[in-house]
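Data block below; observations after.
Not measured: the values here are computed from a predicted model.
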Amino acid sequence: MLKITLPHTAIAVAAITLAAITAHAASEWYFYVQNNTKTKIVKLQVSETKKDWGDFDIGSGIGPGKKERMEWDESTDTEGCDQWIRAKFADGSYSEPSKFNFCKNLDDPIEFDD
């Protein structure tokens, strides 16, 4: 017979609560990308310094005319809100880097235009 005591119950509730908070926090930081070009975006890169660029996982890419939601990986939680972003297109070209505050206006898309 399983005997549940108050300390075990408190630990279980704390573990479930922590898991729920962590799951929410992982999807809390997001942004949208709007591709207004005629070329597919095949890579998004972000940087705090414009020197070291990190690749953002965009799956198979963002097609022309498409808007996609991107979620930050929890490994970036210690980084600042202000970041540079650029796109690489299917033709091999890159957009000019633009600086954004990724902690504000999360629902306003970052637009890449021709």
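For residues 58-67, the set of pairs meeting the side chain to side chain donor-acceptor pair (under 3.5 Å) definition, not counting sequence neighbours, is empty.
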Fill in: Stepwise side chain to side chain contact (heavy atoms under 4.5 Å, CB included) check, F100 with D82
CA-CA 6 Å; F100 287 93; D82 292 323; over 6 Å; no
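Every residue was checked against the ring pair (Phe, Tyr, Trp, His ring centres under 6.0 Å) condition with Y94, not counting sequence neighbours, and none meets it.
No donor-acceptor pair closer than 3.5 Å links the side chain of E48 to the backbone N or O of E79.
Distance check, rounded to the nearest 0.5 Å: CD of E71 to CG of D73 gives 10.0 Å. One finds the CD atom of Q45 at 9.5 Å from the OG atom of S95 (value rounded to the nearest 0.5 Å). Between W29 atom CH2 and C103 atom SG the span is 4.5 Å, to the nearest 0.5 Å. In this structure, the separation between CG on L44 and CE on M70 is 6.0 Å, given to the nearest 0.5 Å. Taking CZ of F31 as the reference point, atom CD1 of I85 lies at 4.0 Å (rounded to 0.5 Å). Expressed to the nearest 0.5 Å, how far OG1 of T37 lies from CZ of F89 amounts to 4.5 Å.
Between Y30 and Y32, the ring-plane angle classifies as perpendicular under the 30° and 60° cut-offs.
Residues K38 and D114 have side chains in contact (heavy-atom distance under 4.5 Å, counting atoms from C-beta outward). Inter-residue side-chain proximity for C81 and F102 is flagged as unmet; no heavy-atom pair is nearer than 4.5 Å. Residues I62 and K40 fail the side-chain proximity criterion, which asks for heavy atoms closer than 4.5 Å. Side-chain contact between F112 and N36 is absent, with no heavy-atom pair separated by less than 4.5 Å.
More than 12 non-hydrogen atoms from other residues, nucleotides or ligands lie less than 6.0 angstrom from CG of D113.
Aromatic ring centres of W72 and F56 lie closer together than 6.0 Å.
Side-chain heavy atoms closer than 4.5 Å link hydrophobic residues (I, L, V, M, F, W, Y) into clusters, and following such links, possibly through other members, connects V33 to I58.
When all heavy atoms of I41 and A87 are compared, the pair lying nearest together is CG2-CB, 4.0 Å. The two residues K51 and S47 have their closest heavy-atom pair at N-OG, 3.6 Å.
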